[in-house]
2 protein chains.
Amino acid sequence: MKKSIPTLKAMAEQLGLSISTVSRALNNHPDISSETRKRVQALASEVNYIPNIFAKGFRAHKTNILGVVVPNITHYFTTTLIRGILEEASLRGYRVIVSESNNDVVKQTEMLNTMIQFGVDGVLMSISKMTRDIDSILKVMHTLPLVLLDKASNKIPCTQVVINEEEAAYNAVEHLINIGKKRIAIIKETQFSYNSEKRFAGYLRALKDYNLPIDEKIILTVEDISLTQGEQMTNILMSLKEKPDAIFAITDGAAIGAIKTLKKHKVKIPEDIAVVGFSNSLNSTIIEPQLTTVDQPGQKIGATAVKYLIQEIDNPNVELINKTIEVRSNLIIRDSTLSIK
Amino acid sequence: MKKSIPTLKAMAEQLGLSISTVSRALNNHPDISSETRKRVQALASEVNYIPNIFAKGFRAHKTNILGVVVPNITHYFTTTLIRGILEEASLRGYRVIVSESNNDVVKQTEMLNTMIQFGVDGVLMSISKMTRDIDSILKVMHTLPLVLLDKASNKIPCTQVVINEEEAAYNAVEHLINIGKKRIAIIKETQFSYNSEKRFAGYLRALKDYNLPIDEKIILTVEDISLTQGEQMTNILMSLKEKPDAIFAITDGAAIGAIKTLKKHKVKIPEDIAVVGFSNSLNSTIIEPQLTTVDQPGQKIGATAVKYLIQEIDNPNVELINKTIEVRSNLIIRDSTLSIK
DNA sequence: CTGAAAGCGCTTACAG
DNA sequence: CTGAAAGCGCTTACAG
């Protein structure tokens, strides 16, 4: 029931030409007479000839496919990364195989291996939280160009495209200080989360620069940050004798959990306690008050990562430079920090 | 700098065997002596041999890759579809190429063509809104197995995996009637949106079954439904002499826009006007009051679609049955319709 | 039990 | 200007 897909051979027979000539005619090789070229191209469009890119790539050891591994595809920010990747890849004639690691290190390695098996030309990866064992990733790098994006790692010597995490967090905390906050809590993750560590560093630097004390009691660390964790941590903060006057949650989810809990406690936001999140997720404008947060240009990060990856694919013998490219993010100020007088 | 990838030929030379023997040994062919088999397999795992799936697939006219085309990858529901697709595909040894049509019919056709060019074994698609020209899709069907999911079309003769749109909408409206609502507005899209039409049909059937009048003035149709459109349509509803006592928005976004607008008008939700959405998006529990909505099992739909697609791939000559498979969805009742006494 | 050879669809250096 | 041939990595019917 399926029609047979047209091939060079079939067209060559039909036209009484050799396969080579047909191939050259379609690729606009200068040797071919314009008459032959026209005949071939006419037939090609008539039968809707589409070159088999694998036969092509198989010869050239190239599939024009990029592999993408992300921890969780349902996160809005991740989808913006992917959109950027798809667009840029498409412009450059690449397709994209996507897979999820579910923040599972074993699965992450598995995914990398199938990527190799499927012959991708390079891999883009946001690494899973809790990736302590770098070996499997290093192995991939010996076989294939690899670029990390968003969730990166200082320990892996490859090109990384990230946002200015530390600076963005610094700016967020500085904003809280500027609106008069002096006791700023943070809800963060453990040291195995790249993003969390960077944001925490920005938080610490801002407090130091403005001579604010660092108080362990309002530095809350959770294993796997979420809205629920934001609620729980905020309850802990509300039970303190010395309550904070601001909360910097390193994800929007946790920040929204914080806002929900503060509202239950009848705390005025931002007058009593201001809240800042991170990501500019869709939810951040649904919650009331709307959330001040850091907008991360996911699409740009994705597109940039593709550019660097293809550069490495096209120049396999150039010694790698392994830059870390920081894409700028912006603080979006909304009602959760800005009291409208 | 990149290591050469091990091949059968390289291993054959190293072991002093023929390529055929090495191939058979790795595939556990019964002819091979267990000693040879062991030697080969030992070397294979030592050099970390990974078969080139394209050389393999190229021979068998099979790439073990599925193509996915969705209108918009950033929609949460779409990511759950994709997650289901990725999981099921992975279990069955397939990889997935993803692409976005951005609800652009031309781009959708382009994507389908590159899918063919990249030699996918089959395609899963959520069709773009406003797809009036079916020809390009029918063409694909002659070349490749195609299964539609979620956003389908009665006009395309292929297997379709959808939710029970009509019934779900009926149940949602029935729920509004059960809590005492009698003048139920609907915010929907034009007739070129498959989902909208089905949901509208369910709305009409419920009103008829319960002998409620159908009033064109509270049936609002927009081109491209969104939160903003939900706000605008709700403003229109609030300007009517005879206001509705409930709003059924065919997406959560529009429902949330409705709630935001109703709150501005100081309307009590659900006492004065109840609101129901559709999708159970993440936002639906962030908005206050929390939104009653229809939960769509995206992951299951995705996984189911993969099963049917692979079935077609494996049985190319069986005459297609072109079933429409309906996956059940559930109404999730929350504060926007249920007054807690 | 093992090997030589053909072939999947394409490109390209080599002839003519 | 055109064609015959090799080769990309693999599997498999055919020999032996």
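Chain letters run A, B, ... following the sequence lines, proteins first and then strands; every chain starts at 1. Note that this is a predicted model, so its numbers are computed, not measured.
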Nearest heavy atoms of [X] and [Y], plus distance in Å:
| X | Y | result |
| --- | --- | --- |
| Arg37(A) | Pro30(A) | NH2-O, 4.3 Å |
| Asn64(A) | Gly93(A) | ND2-O, 3.0 Å |
| Leu138(A) | Pro157(A) | CD2-CD, 3.7 Å |

Handout entry: Nearest-nucleotide comparison on DNA chain C, the residue closer to the 5′ end among Leu8(A) and Val22(B)
Key = Val22(B)

Completion exercise
Here DNA chain C, pairs taken as Watson-Crick or G-U under 3.5 Å and shown with ( ), [ ] when crossing and | when to another strand, reads |||.||||||||.|||

Problem - Spacing of Asn72(B) atom CG and Lys129(B) atom NZ [to the nearest 0.5 Å] - result: 9.0 Å

Completion exercise
So CD1 of Ile19(B) and NZ of Lys9(B): to nearest 0.5 Å the spacing works out to 6.5 Å

Practice task
Enumerate the residues from residues 26-43 of chain B whose closest heavy atom to DNA chain D is under 4.0 Å, giving them by residue number; use none for an empty result.
Solution key: Asn27(B)

Fill in the blank from the handout: First and last nt of DNA chain C near chain A, cut-off under 4.0 Å to heavy atoms, 5' to 3', are dG9(C) to dA13(C)

Fill in the blank from the handout: For Ser23(B), the side-chain contact (heavy atoms from CB on, under 4.5 Å) test, sequence neighbours excluded, returns Leu8(B), Asn27(B)

Handout entry: dC1(C) and dC10(D), which share atom name P, separated by this distance in whole Å
Key = 24 Å

Problem - Distance-only side-chain donor-acceptor flag, Gln41(A) / Asn28(A), under 3.5 Å - result: yes

Exercise for the section: Answer yes if the side chains of Asn195(B) and Ser193(B) hold a donor-acceptor pair under 3.5 Å, and no otherwise. Expected result: no

Handout entry: Residue mapping more 5' on DNA chain D - nearest nucleotide basis, Arg24(A) or Pro51(B)
Key = Arg24(A)

Problem - Non-neighbouring partners of Arg83(B) that pass salt bridge (Lys or Arg N to Asp or Glu O under 4.0 Å), sequence neighbours left out - result: Glu100(A)

Handout entry: salt bridge (Lys or Arg N to Asp or Glu O under 4.0 Å) partners of Asp314(A), counting only residues at least two apart
Key = none

Exercise for the section: Check every strand shown and say whether Ser20(A) touches a base, only sugar-phosphate, or nothing at a heavy-atom separation below 4.0 Å. Expected result: base

